[in-house]
Asks: 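Here it is, the structure, as C-alpha cells.
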Protein chains: 2
Amino acid sequence: MESNRKIGAADAEDEGKGTPSGSQTLFRGLDVIDAVAEGAIALPALSERLSLTKSTTHRLASALVERGYLTFVAREGYSLGPKLLELGWVAHQQMHIPSLARPHLEQLAAATEDTVHLGILDGFQALYLDKVPGRRRVVIGSRVGERHPIASTGLGKALILDHDEAAWREFYEAQGSSVGLAVWLERMRAYAAKGYAFDLEENEDQIRCVAAPIRGASGEIVAALSVSSAAQYMSDARMEGLTGQVTDIATAISRELGWSERAGRRRPRRKT
Amino acid sequence: MESNRKIGAADAEDEGKGTPSGSQTLFRGLDVIDAVAEGAIALPALSERLSLTKSTTHRLASALVERGYLTFVAREGYSLGPKLLELGWVAHQQMHIPSLARPHLEQLAAATEDTVHLGILDGFQALYLDKVPGRRRVVIGSRVGERHPIASTGLGKALILDHDEAAWREFYEAQGSSVGLAVWLERMRAYAAKGYAFDLEENEDQIRCVAAPIRGASGEIVAALSVSSAAQYMSDARMEGLTGQVTDIATAISRELGWSERAGRRRPRRKT
DNA sequence: CCAATAATTTCATTAAATGATATGGAACAC
DNA sequence: GTGTTCCATATCATTTAATGAAATTATTGG
C-alpha cells in the first residue's frame with residue numbers, strides 16, 4: 001500500500017479548516033515503520049517513498065533504530081527491529097480475548113436473538129470463556145468455564161479447522177461423536193474448506209449451532225465463537241444464512257487481535 | 001487546581017543523556033508506548049509517569065490510538081494495540097531465521113519437554129528472537145526481544161564459539177561471569193572444540209542449558225539455540241545426552257540456511 | 001585509484017509542538 | 001433527581017523543536 005498522506009491534515013486542505021494533527025513527527029515516524037514493514041529498504045528509497053527529505057527520513061529512522069524499532073545494516077537498509085518482537089509479545093499477553101470479543105459477541109447475540117459462546121482449545125476439549133444469552137427462552141445448558149468435547153460441538157470443530165487429518169482423528173477418538181468417523185471426517189473437510197463449522201444436534205439433542213474460528217496475528221486459530229439455538233429455530237436454511245454473520249464477527253475480532261488477510265491461515269503447533 | 005508543570009529537570013530516562021536527537025515528539029511517543037507496555041494506564045497517571053503535561057500526553061496517545069499502536073477504553077486507560085501484534089509478527093517473519101527455525105524449535109521442545117530459545121549476536125549481548133516453552137512447569141524468566149549477557153549464557157557462548165581468544169576476552173570483560181576468566185576460557189576452548197556450549201547456572205541460579213550454533217551459507221555463525229531447564233532436570237549426564245539432539249537440530253536449521261559440511265566453520269568478521 | 005552512491009552532520013529558517021486554560025462528559029455520592 | 005469530581009478532549013498564543021538544502025564523510029564498484 002502507499003498512503004503516505006499528510007495524516008490528519010489530509011482533508012484539511014479542502015475545508016480550509018482541518019484537524020491540526022499536532023504530532024507530525026510521531027506520525028511520520030510511524031509512517032517509517034509502516035514503510036519498512038513492507039520489506040527492507042534503504043534510505044534514499046525510503047525518503048522517496050515517504051516524500052520526505054533524506055535528512056528528515058534519516059533522523060526519524062535513526063531515532064527508531066536507537067530505540068530498537070528498526071535495525072539498520074549499511075548497504076542493505078532498514079528492517080523491523082527486536083523492540084517490535086518484544087512489544088508484539090507483550091501485547092499478546094496483555095490482550096485478553098474475552099474482553100476484546102465481548103462487544104462483538106453481544107452484537108451477534110442481539111442480531112440473531114440466540115445464545116453466543118466464546119471458547120478456546122484446551123487439550124482435547126473446548127473451554128468456554130464467555131457466553132451471551134440470546135433473547136429466546138431456550139435453555140442452553142452451558143456455563144462459562146465448562147469444558148465440552150471437540151468433535152461433537154460446533155465451537156470445538158471450529159477450533160481445530162486448521163489441524164491435519166491425523167490430528168482430527170485424534171480429537172475424534174478422544175471423545176467420539178454420534179456420527180461415524182468417516183462421515184465426521186468428510187464433514188470436517190467441508191467445514192475446513194468453508195471456514196466455519198456446524199453442530200447438528202451431535203452434542204445435545206435439539207441444539208444446533210454455527211461456529212467460526214478467531215485468528216491471532218500469526219494466522220493461528222486462537223479461539224472460536226458459536227451461535228446456538230434450539231433445532232426448531234435452526235433450519236438448514238437459517239444455519240446457512242448465519243454463516244456470513246458469524247464469520248464476519250469472527251473476522252472482526254481476529255482483526256483486533258492483529259490478524260490481517262496477509263497472515264491468512266497457519267497450521268497449528270502439534271499437540272497442546 | 002492542579003499544577004501541570006514539568007516536574008524535575010532532566011530525568012534522562014534510558015537515553016544517553018545529551019541526545020541532540022532532534023525528534024523529540026517521536027521519542028516521546030515511543031516513551032508512551034513503553035509506559036503502556038508496563039500495563040494498562042489512564043491519562044493522568046501516564047502524563048505523570050512521563051513528566052509531560054496532560055495535553056501533550058493526550059495528543060501523543062491519541063495519535064498512537066489512531067494508528068492502532070494503542071487501544072483506549074474509557075475509564076480503563078490505554079493498552080497496547082493490534083498494530084503491535086501485527087508488526088511483531090511481520091518482524092518475526094522478516095528476520096527469516098526465526099520463521100525457518102520455528103518448526104525445528106518446536107520439535108526440540110516437544111522431544112525434550114524443556115524450553116527452547118533462539119537468539120543472535122547483537123553487539124556484546126545475545127538477543128533472544130524466539131522462545132518455545134517446554135511442558136514442565138518451570139519458570140524460565142526470559143522474553144522474546146530481551147538481551148542477555150554473552151559470557152554467562154549457553155546461547156551467548158554458542159554464538160561466539162568461532163571467535164578468537166582475544167575476542168573472547170572482550171566478551172568476558174564486557175559483562176563478566178560468575179566464574180574466573182581462566183576457567184571460563186578453558187571451558188570455551190572445550191566448547192569450541194566440541195561445537196556446543198553449556199550454561200551451568202552461571203546466568204540464573206538453578207537454570208542450566210545446552211546450546212549450539214546455527215551457521216549460514218558461508219559457514220559463519222548466524223544464530224544459536226538452546227534448551228533450558230531447572231537444574232534438577234539437568235544432570236551432567238542428561239546435558240551430555242542432549243548435546244546430540246541439540247546439535248542435530250542446529251545443523252538441520254543451518255542446512256536450511258544454505259550451510260553444508262563443505263562450508264564448515266568460518267571465522268567471524270572482527271566486531272565493531 | 002577515482003568516480004559514484006549512500007550515510008551522516010550542520011545550521012539558518014519557519015513551521016510545528018507545546019502546555020495553561022477552558023470545555024465537555026461520565027461516574028459516583030447524596 | 002442534582003451536585004461534585006475526576007477524566008478526556010478542544011483551543012490557541014508562545015516558543016521551541018523539526019525541517020531540509022547543502023556540505024561532509026563513508027563505502028562500493030569499476
Side-chain angles (χ1 to χ4, degrees), chain A residues 4-10 12-13 15-32 35-36 40-67 70-79, chain B residues 1-11 13 15-32 35-36 40-67 70-79 269-270 272:
Chain A
N4 49 358
R5 336 179 355 228
K6 282 272 163 70
I7 2 105
E13 306 179 348
E15 304 294 312
K17 190 221 184 136
T19 319
S21 58
S23 316
Q24 190 186 70
T25 309
L26 177 53
F27 277 114
R28 285 180 168 179
L30 301 183
D31 283 339
V32 169
V36 173
I41 185 172
L43 194 132
L46 188 60
S47 67
E48 158 106 13
R49 182 140 172 6
L50 298 171
S51 311
L52 296 173
T53 60
K54 281 197 297 182
S55 315
T56 301
T57 309
H58 177 258
R59 200 170 339 97
L60 295 170
S62 298
L64 290 168
V65 168
E66 192 179 319
R67 289 304 195 88
L70 302 181
T71 57
F72 177 69
V73 180
R75 190 178 144 278
E76 284 196 31
Y78 298 91
S79 33
Chain B
M1 47 195 108
E2 52 190 298
S3 159
N4 265 334
R5 288 216 66 78
K6 247 180 156 162
I7 311 182
D11 67 311
E13 279 293 339
E15 222 92 71
K17 51 158 179 225
T19 315
S21 38
S23 318
Q24 189 186 71
T25 308
L26 177 53
F27 277 115
R28 286 181 167 179
L30 301 182
D31 283 340
V32 169
V36 173
I41 185 172
L43 195 131
L46 189 59
S47 67
E48 158 121 12
R49 193 166 182 321
L50 298 171
S51 310
L52 296 173
T53 59
K54 281 197 296 182
S55 313
T56 301
T57 309
H58 177 258
R59 200 169 338 97
L60 295 171
S62 298
L64 291 168
V65 168
E66 194 178 319
R67 287 305 194 89
L70 301 181
T71 58
F72 177 70
V73 181
R75 205 99 259 278
E76 288 199 25
Y78 297 91
S79 32
R269 292 181 326 192
R270 271 314 255 149
T272 46

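Quick note on labels: first sequence line is chain A, next is B, and so on, each numbered from 1.
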Asks: Compute the angle between the rotation axes at the two ends of the helix from C:dC1-D:dG30 to C:dC30-D:dG1, each taken over five pairs, rounded to 10 degrees.
Replies: 50°

Asks: Sequence neighbours left out, what passes side chain to side chain donor-acceptor pair (under 3.5 Å) with A:Ser47? Give chain and number order.
Replies: none

Asks: Could you check B:Leu60 against B:Leu52 for side-chain contact (heavy atoms from CB on, under 4.5 Å), going step by step and ending with a plain yes or no?
Replies: CA-CA 10 Å; B:Leu60 295 171; B:Leu52 296 173; 4.1 Å; yes

Asks: Might you point out which heavy atoms bring B:Ala35 and B:Leu46 nearest each other, and give the distance in Å?
Replies: CB-CD1, 3.6 Å

Asks: Please determine whether a side-chain nitrogen of the Lys or Arg among B:Asp31 and A:Arg67 lies less than 4.0 Å from a carboxylate oxygen of the Asp or Glu.
Replies: yes

Asks: Heavy atoms, side chains only, cut-off 4.5 Å: are A:Leu50 and A:Arg28 in contact?
Replies: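 Result no, sub-4.5 Å side-chain heavy-atom pair not found.
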
Asks: Which protein N or O atoms sit under 3.5 Å from an N or O of nucleotides 13-16 of chain C?
Replies:
from, atom 1, to, atom 2, distance (Å)
C:dA16, OP1, A:Gln24, NE2, 3.4

Asks: Could you work out, with side chain to side chain donor-acceptor pair (under 3.5 Å) as the rule, every residue matching A:Thr71, not counting sequence neighbours?
Replies: A:Ser79

Asks: B:Thr25 versus A:Gln24: any side-chain heavy-atom pair under 4.5 Å?
Replies: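 No, every pair of side-chain atoms sits at 4.5 Å or beyond.
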
Asks: Using whole Å, what does the distance between atom C1' of nucleotide D:dA8 and atom CG of B:Leu60 come to?
Replies: 15 Å

Asks: Should A:Thr53 be listed as having a side-chain N or O under 4.0 Å from OP1 or OP2 of D:dT19?
Replies: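 No, A:Thr53 has no side-chain N/O under 4.0 Å of OP1/OP2 on D:dT19.
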
Asks: Applying side-chain contact (heavy atoms from CB on, under 4.5 Å), can you list everything that pairs with A:Val65, at least two apart in sequence or on another chain?
Replies: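 A:Leu70, A:Phe72, A:Tyr78.
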
Asks: If the condition is side-chain contact (heavy atoms from CB on, under 4.5 Å), which residues does A:Ser62 pass it with, not counting sequence neighbours?
Replies: A:His58

Asks: Hey, what do you get for CD (A:Glu66) to CG (B:Leu26), rounding to the nearest 0.5 Å?
Replies: 10.0 Å

Asks: Mind listing the N/O atom pairs, protein and nucleotides 4-11 of chain C, below 3.5 Å?
Replies:
from, atom 1, to, atom 2, distance (Å)
C:dA7, OP2, A:Leu43, N, 3.4
C:dT8, OP2, A:His58, NE2, 2.8
C:dT8, O5', A:His58, NE2, 3.3

Asks: In whole angstrom, what separates B:Leu52's CG from D:dT16's C1'?
Replies: 15 Å

Asks: Without decimals, in angstroms, what is the distance between B:Leu70 CG and D:dA8 P?
Replies: 13 Å

